[in-house]
Amino acid sequence: MQQLYWGENIDLSYSDQNDSTESLKVKLSMVRKKFKSRLTKFESLITQFSSIQSDDIRSEQYRHHSNSWIRKVKSLSCDCNKEMVDFTWAIINEAIKICGAPPCEFVSIGIGSIATGEMTPYSDLEFSLLVKDKAHESFFEKLGVTICFLIGNLGETKLTVMNIEELLSGQWFRDESKDGFKVNGLLRAGNRSERQTNKLITTVNGLVDKYKDIYESVPDHQQALTGDLSTMLQSIVRLYGSERIFEELTCRVANVKATQRRQSITQEMLTRDGEQFLFGPGKKLADRRELSEQICWYPTALVSHMKTYFRLSTAQCWTAISEIGKNGMTVENDLEVLVATTLFICLSANCHYESQGNRINIWTADQEDFATAIREDMWTIPKALLQIFFNHALPVRKAVCKLVRGEGGEDGDTRKEKFYRLGLTFYYCKEYKSFLDHAAEPPTPWAESEEWRFVRLIALRKNGRFDEALQMGCGMLGGG
């Protein structure tokens with residue numbers, strides 16, 4: 001495909017292409033092996049969390065362990081992201097060797113996880129090329145496509161990403177290969193940096209004009225809530241090229257003023273975050289995949305939404321958390337612990353499955369009565385990590401509600417909050433007796449909602465207390 005694209009316009013032998021691909025594969029493999037090895041060194045730290053007997057997350061012992069956890073995961077995540085930025089630089093540099101010297105000044109910018117500092121060795125790449133002179137667009141189009149080919153040659157890009165019409169029409173073709181390091185830029189729905197026109201190439205003026213138009217007019221309300229160009233450009237990173245163009249872009253984006261409508265959307269975004277992510281009983285409490293998706297997505301998305309809310313110009317996730325704290329948002333170090341846990345889970349799952357898909361197993365006991373069993377291609381979250389996540393998700397959620405609505409319930413770790421933090425871990429780990437014992441004291445959560453009563457019914461049945469389960473089930477059905 002690459003040879004057909006270039007035709008006779010460039011002397012690019014198969015041997016040269018193969019050497020380039022193999023060299024890049026070796027570099028990527030070394031990065032992956034390095035971080036797989038570093039992940040194993042966290043086992044003792046996770047075990048230390050398990051050994052803490054107190055359920056007081058504000059105790060000195062717990063605080064000491066959580067600070068150590070933040071520091072070590074932050075170092076791991078930042079180092080991994082830097083390695084992937086360097087690897088992307090090597091790809092772009094290789095593409096320039098093929099295409100020749102650029103005819104004018106340009107910069108390649110990254111958005112998404114590589115910009116926020118959350119990239120793993122299996123994440124996909126989202127980028128654009130900003131050029132000084134649009135008259136040279138044809139050269140940079142070749143450069144951009146060559147970058148995509150170099151990434152595609154690594155063998156981790158599904159064919160459908162290449163936007164081949166014959167593969168996209170109808171339902172006859174299904175690519176079962178794993179998603180690894182790839183670029184989405186050629187898809188009509190891909191390349192989030194230029195979602196409307198799907199072009200890799202633009203100028204600073206062109207991108208800022210599009211940003212202002214979307215940011216001020218909000219043509220698609222639902223898209224704005226889930227993250228449009230205005231949200232994406234809150235985090236950008238220079239991957240290759242001109243520092244001057246990159247600085248011009250960041251300054252001009254930061255100077256765009258929010259309209260009242262945009263401010264209301266960012267507030268609505270945070271309000272929805274506070275309402276939606278309870279991590280407690282819902283109609284799909286036993287849906288392992290839904291919970292794992294929330295664990296992998298919610299904390300870092302929340303940071304992104306708060307960056308938009310506070311109009312923070314910083315790109316990196318960890319820097320943003322610090323800035324958010326200065327606005328009085330965080331409760332203790334809850335947000336840092338929550339984000340650290342999510343990043344560790346995502347990196348572990350990616351490295352275990354060797355794909356960017358977060359194939360995570362929540363249930364940690366035997367699986368004979370669940371549709372999805374523990375499989376070797378799924379990474380199981382250690383109970384201690386699940387507990388850490390629940391320990392800090394609720395305080396963060398309360399802080400969000402208090403920020404956007406001026407309400408968040410009483411301060412302190414109440415009896416109900418401890419049930420959420422500890423009881424949910426017992427439930428998801430299938431420790432049903434502990435779950436029932438822990439929730440036996442009033443006020444019992446199932447007194448408040450039918451969903452919680454359904455959870456208790458499941459726990460009673462799983463614990464062998466069939467008569468109580470039957471009695472409760474009949475009561476829920478109105479004696480039927």
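Since this is a predicted model, take the numbers as computed values, not measurements.
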Legend entry - F87 ring center near F181 ring center (under 6.0 Å):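 Between F181 and F87, which both carry aromatic rings, the centre distance is below 6.0 Å.
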Legend entry - D467 atom CG: more than 12 heavy-atom contacts under 6.0 Å: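 12 or below, so no.
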Legend entry - For F344, all residues meeting ring pair (Phe, Tyr, Trp, His ring centres under 6.0 Å), sequence neighbours excluded: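 Once residues adjacent in sequence are excluded, the partners of F344 under the ring pair (Phe, Tyr, Trp, His ring centres under 6.0 Å) criterion are F42, W69.
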Legend entry - Side chains of P382 and L385 in contact at under 4.5 Å (non-hydrogen atoms):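 Yes, their side chains come closer than 4.5 Å.
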Legend entry - Distance in Å, R461 CZ paired with E468 CD, rounded so as to fall on 0.5 Å steps: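 One gets 14.5 Å once the value is rounded to the nearest 0.5 Å.
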Inset, instruction - List the steps, then state whether side-chain hydrogen bond (donor to acceptor under 3.5 Å, both in side chains) holds for T120 with S123. - result: CA-CA 5 Å; T120 78; S123 300; 3.1 Å; yes
Legend entry - CG on L76 to CG on L39, rounded to 0.5 Å: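 Going from CG on L39 over to CG on L76, the span is 5.5 Å.
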Inset, instruction - Could you please spell out the steps behind the side-chain contact (heavy atoms from CB on, under 4.5 Å) verdict for L233 and L207? - result: CA-CA 10 Å; L233 287 185; L207 188 56; 4.1 Å; yes
Inset, instruction - Taking the side chain as every heavy atom from C-beta outward, state whether L270 and L302 have any pair of such atoms under 4.5 Å apart. - result: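 They are in contact (side-chain heavy atoms under 4.5 Å apart), so the answer is yes.
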Inset, instruction - State, with a plain yes or no, whether a side-chain heavy atom of L239 is found less than 4.5 Å away from one of W89. - result: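 With C-beta onward as the side chain, the pair stays apart.
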Inset, instruction - Would you check if the distance from the ring center of Y62 to the ring center of H392 is below 6.0 Å? - result: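 Yes, the ring centres sit under 6.0 Å apart.
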Inset, instruction - Using the test side chain to side chain contact (heavy atoms under 4.5 Å, CB included), find all partners of S68 that sit at least two apart in sequence or belong to another chain. - result: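 Side chain to side chain contact (heavy atoms under 4.5 Å, CB included) list for S68, sorted by chain: L45, R71, K72.
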Legend entry - For the student: nearest non-hydrogen atoms of P121 and L28, plus distance: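 Between these two residues, the closest heavy atoms are O-CD1, 4.0 Å.
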Inset, instruction - Report yes if the side chains of I345 and T341 come closer than 4.5 Å at any heavy-atom pair, otherwise no. - result: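 Sidechains of T341 and I345: in contact.
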Legend entry - Any residue meeting side chain to side chain contact (heavy atoms under 4.5 Å, CB included) with N67, in chain and number order, not counting sequence neighbours: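 Once residues adjacent in sequence are excluded, the partners of N67 under the side chain to side chain contact (heavy atoms under 4.5 Å, CB included) criterion are R63, I70, N333.
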Inset, instruction - For A115 and G110, work out which heavy atoms get closest and say how close. - result: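 Closest heavy-atom pair between A115 and G110: CB-O, 3.4 Å.
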Inset, instruction - Apply side-chain contact (heavy atoms from CB on, under 4.5 Å) to R252 and V256, showing your working. - result: CA-CA 7 Å; R252 291 186 59 182; V256 175; over 6 Å; no
Legend entry - Those residues that, when tested against Y211, pass ring pair (Phe, Tyr, Trp, His ring centres under 6.0 Å) (two or more places apart):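 For Y211 the ring pair (Phe, Tyr, Trp, His ring centres under 6.0 Å) partners, ignoring immediate neighbours, are Y215.
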Inset, instruction - Answer whether the closest heavy-atom distance between the side chains of Q316 and N81 falls below 4.5 Å. - result: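 Yes, their side chains come closer than 4.5 Å.
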Legend entry - Non-hydrogen side-chain atoms of V107 and R244 separated by less than 4.5 Å: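 The answer is no, as the side chains (C-beta and beyond) never meet within the 4.5 Å cut-off.
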Legend entry - Pair E354 + K36, salt bridge at N-O below 4.0 Å: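 Counted as a salt bridge, because a side-chain N and a carboxylate O are separated by less than 4.0 Å.
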Inset, instruction - Could I get the full list of side chain to side chain contact (heavy atoms under 4.5 Å, CB included) partners for S322, not counting sequence neighbours? - result: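 S322 satisfies side chain to side chain contact (heavy atoms under 4.5 Å, CB included) with K326 once adjacent residues are dropped.
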Inset, instruction - Would you give the length of the straight line joining atom CG of L460 to atom CD of Q471, rounded to the nearest 0.5 angstrom? - result: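 With rounding to 0.5 Å, CG (L460) is 10.0 Å from CD (Q471).
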Inset, instruction - With rounding to the nearest 0.5 Å, note down the distance linking OG in S77 to CZ in F35. - result: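 With rounding to 0.5 Å, OG (S77) is 9.0 Å from CZ (F35).
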Inset, instruction - State, yes or no, whether a side-chain contact exists between M84 and M119 at a heavy-atom distance under 4.5 Å. - result: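 In contact.
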Legend entry - Within-4.5 Å side-chain heavy-atom neighbours: Y298 and T342: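 No, too far: nothing below the 4.5 Å cut-off.
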Legend entry - side chain to side chain contact (heavy atoms under 4.5 Å, CB included) involving Q267 - partner list, sequence neighbours excluded: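 Applying side chain to side chain contact (heavy atoms under 4.5 Å, CB included) to Q267 gives T271, Y309, V404.
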Legend entry - Audit row: L343, V339, side-chain contact (heavy atoms from CB on, under 4.5 Å) steps and yes/no: CA-CA 6 Å; L343 294 180; V339 169; 3.9 Å; yes
Inset, instruction - Any chance you could lay out the side-chain hydrogen bond (donor to acceptor under 3.5 Å, both in side chains) test for T116 and E118, step after step, and finish with the verdict? - result: CA-CA 6 Å; T116 58; E118 303 162 29; 3.0 Å; yes
Inset, instruction - With side-chain contact (heavy atoms from CB on, under 4.5 Å) as the test, would you mind laying out the steps for E156 and K182 before giving the verdict? - result: CA-CA 6 Å; E156 301 179 1; K182 70 176 192 301; 5.5 Å; no
Inset, instruction - May I ask you to decide if S304's main-chain N or O and T308's side chain share a donor-acceptor pair within less than 3.5 Å? - result: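 Yes, T308 side chain to S304 backbone: donor-acceptor pair under 3.5 Å.
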Inset, instruction - Please report the closest heavy-atom contact between T157 and I151, naming both atoms and the distance. - result: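 Scanning both residues completely, I find the closest heavy atoms to be OG1-O, 4.0 Å.
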Inset, instruction - Kindly confirm or rule out a cation-pi arrangement of R32 over Y122, judged by NZ or CZ under 6.0 Å from the six-membered ring centre and within 45° of its axis? - result: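 So R32 does make the cation-pi contact.
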Legend entry - Any donor-acceptor N/O pair, N255 side chain to C251 backbone, under 3.5 Å: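 Answer holds: yes.
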Inset, instruction - Over all heavy atoms of both residues, which pair between F127 and I147 is shortest? Give the atoms and the distance, please. - result: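 Heavy atoms of F127 and I147 come nearest at CZ-CG2, 3.9 Å.
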Legend entry - Where I92 and S108 come nearest, the two heavy atoms and their spacing: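 Minimum heavy-atom contact is CD1-OG, 3.5 Å.
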Legend entry - Least distance between heavy atoms, W379 atom then A349 atom: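 Shortest heavy-atom separation between W379 and A349 comes out as CB-CA, 3.9 Å.
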Inset, instruction - State whether R38 and D79 are salt-bridged, where the test is any N-O pair (Lys NZ or Arg NE/NH1/NH2 against Asp/Glu carboxylate O) under 4.0 Å. - result: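 A salt bridge is present here (some side-chain N lies under 4.0 Å from a carboxylate O).
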Inset, instruction - Look up atom NZ in K462 and atom CG in L436, then write down how far apart they are to the nearest 0.5 Å. - result: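 It is 13.0 Å, given to the nearest 0.5 Å.
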Legend entry - Sole residue of I109, V85, D124, I236 in side chain to side chain contact (heavy atoms under 4.5 Å, CB included) with I114: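 Result for side chain to side chain contact (heavy atoms under 4.5 Å, CB included) with I114: V85.
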Legend entry - Euclidean distance, R311 CZ relative to E323 CD, rounded to 0.5 Å: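 Answer rounded to 0.5 Å: 14.0 Å.
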